[in-house]
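Presented below is the structure to which this report refers.
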2 protein chains.
Amino acid sequence: MATLEELCVQAGLKMTGQRKTILKVLGEAEDHPSVESVYERSRAVDPSISMATVYRTLNILAELGLVTRHEFHENFSRFELNMEHHHHLIDVESGSVIEFQNEEIELMKQQIARDLGYELVECRLELYGKKIKN
Amino acid sequence: MATLEELCVQAGLKMTGQRKTILKVLGEAEDHPSVESVYERSRAVDPSISMATVYRTLNILAELGLVTRHEFHENFSRFELNMEHHHHLIDVESGSVIEFQNEEIELMKQQIARDLGYELVECRLELYGKKIKN
DNA sequence: GTAGCTGCAAACTCTTTGCAACTCT
DNA sequence: AGAGTTGCAAAGAGTTTGCAGCTAC
């Protein structure tokens, strides 16, 4: 199982200090950080990193499919490492994000796409909900 | 069954010429127009309409829940009238959008949210696919 | 050595907003 | 009449990019 860094090198990227830092930040993130967050966390490690580099790196990673870009109806993007496939439930009151998986839905997605004459390439499912109080 | 205009009036909006035009454009749209598109189509009817008004109107309509804002991973928003609930399959090659409905998925969404302790408020499901050639 | 990467600042794109004039009701 | 709406132009926010210097390989 290749590490993130190895995957990047395989893709022909140079392993600069900045990239290592950003990859580390992404690897340690337990949330879905905005570019701003990735920038701040990276800066805490290496204060010389610029916003431009963070943007450039995230775009490259997204293109390589190592990272997923989300738009949870905010006016900016959030990113997360592309680990196992899952979906999101966004708490409309707090903005917090819960991940979930569901095998049945995976199968149905495939089926729906096929029925429409398409091969499923990607998919987003976002539930927006209010916490039920007891 | 109230018309769009009636719903707006009920919500306390004044029925100006510009708004009538924009509502007409939205009502006639068979696609998921960008703000730019709504602007152009509205201008064809009434050339005095400004971009600012289109933005303002779409935002109000979205707030009233009469219109849905989409972000299909472009760098701008698309809108569509909030008619019956459905989801989208986006052709990754042509960018064209196909609508679909699926009762089973509706039920599962509800179930998943409830299992996580949430009341489902809204939901987005987007499939991205490649057309299967025969 | 050199292709690729970086920081900086300027540029871009989409969207929002302050304001004075105007218009539905 | 008056609150709400509009067009305009300027401002905002997030993101991208040109360039000269730097760095991994």
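All values below come from the heavy atoms of this structure, side chains included, with hydrogens, waters and symmetry mates left out. Within every chain, numbering begins at 1; the chains are lettered A, B, ... in the order of the sequence lines, protein sequences first and strands thereafter.
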*B:M15 vs B:E6 side-chain heavy atoms within contact, under 4.5 Å*: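 Heavy-atom side-chain distance check fails, nothing below 4.5 Å.
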*Do A:V35 and A:L58 have side-chain heavy atoms sitting under 4.5 Å apart?*
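SC-SC contact between A:V35 and A:L58 confirmed.
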Provide, to the nearest angstrom, the distance between the [atom1] atom belonging to [X] and the [atom2] atom belonging to [N].
X	N	atom1	atom2	value
B:H70	C:dT15	NE2	C1'	19 Å
A:L13	C:dT6	CG	P	9 Å
A:K14	C:dG1	NZ	C1'	11 Å
B:K20	C:dC24	NZ	C1'	9 Å

*Could you encode protein contacts along nucleotides 6-16 of chain D as a string, one character per nucleotide from 5' to 3', using B for base contact, S for sugar-phosphate-only contact and - for no contact, with a heavy-atom cut-off of under 4.0 Å?*
BBB-----SBB
*For the helix from C:dG1-D:dC25 to C:dT25-D:dA1, measure the angle between the helix axis at one end and the axis at the other, each built from five pairs, rounding to 10°.*
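Inter-axis angle at the ends, rounded: 40°.
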*Hey, what else clusters with B:Y118 if you join Ile, Leu, Val, Met, Phe, Trp, Tyr whenever side-chain heavy atoms sit under 4.5 Å?*
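Listed partners: A:L89, A:I98, A:F100, A:I105, A:M108, A:I112, A:L116, A:Y118, A:L120, A:L125, A:L127, B:L89, B:I98, B:F100, B:I105, B:M108, B:I112, B:L116, B:L120, B:L125, B:L127.
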*Spacing of NZ belonging to A:K109 relative to NE2 belonging to B:H87, to within rounding of 0.5 Å*: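 A:K109 NZ to B:H87 NE2: 13.0 Å, rounded to 0.5 Å.
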*Any chain of hydrophobic side-chain contacts (each under 4.5 Å) joining A:V45 to A:I22?*
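The answer is no; the residues belong to distinct hydrophobic clusters.
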*With a 3.5 Å cut-off and no angle check, do the side chains of A:H85 and A:E106 form a donor-acceptor pair?*
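Short answer, yes.
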*Residues A:R124 and B:H73: side-chain donor-acceptor under 3.5 angstrom*: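 B:H73 and A:R124 do have a side-chain donor-acceptor pair below 3.5 Å.
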*Aromatic rings A:F72 and A:H70: how do their planes relate, parallel, tilted or perpendicular, breaks at 30° and 60°?*
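A:F72 vs A:H70 ring planes: parallel.
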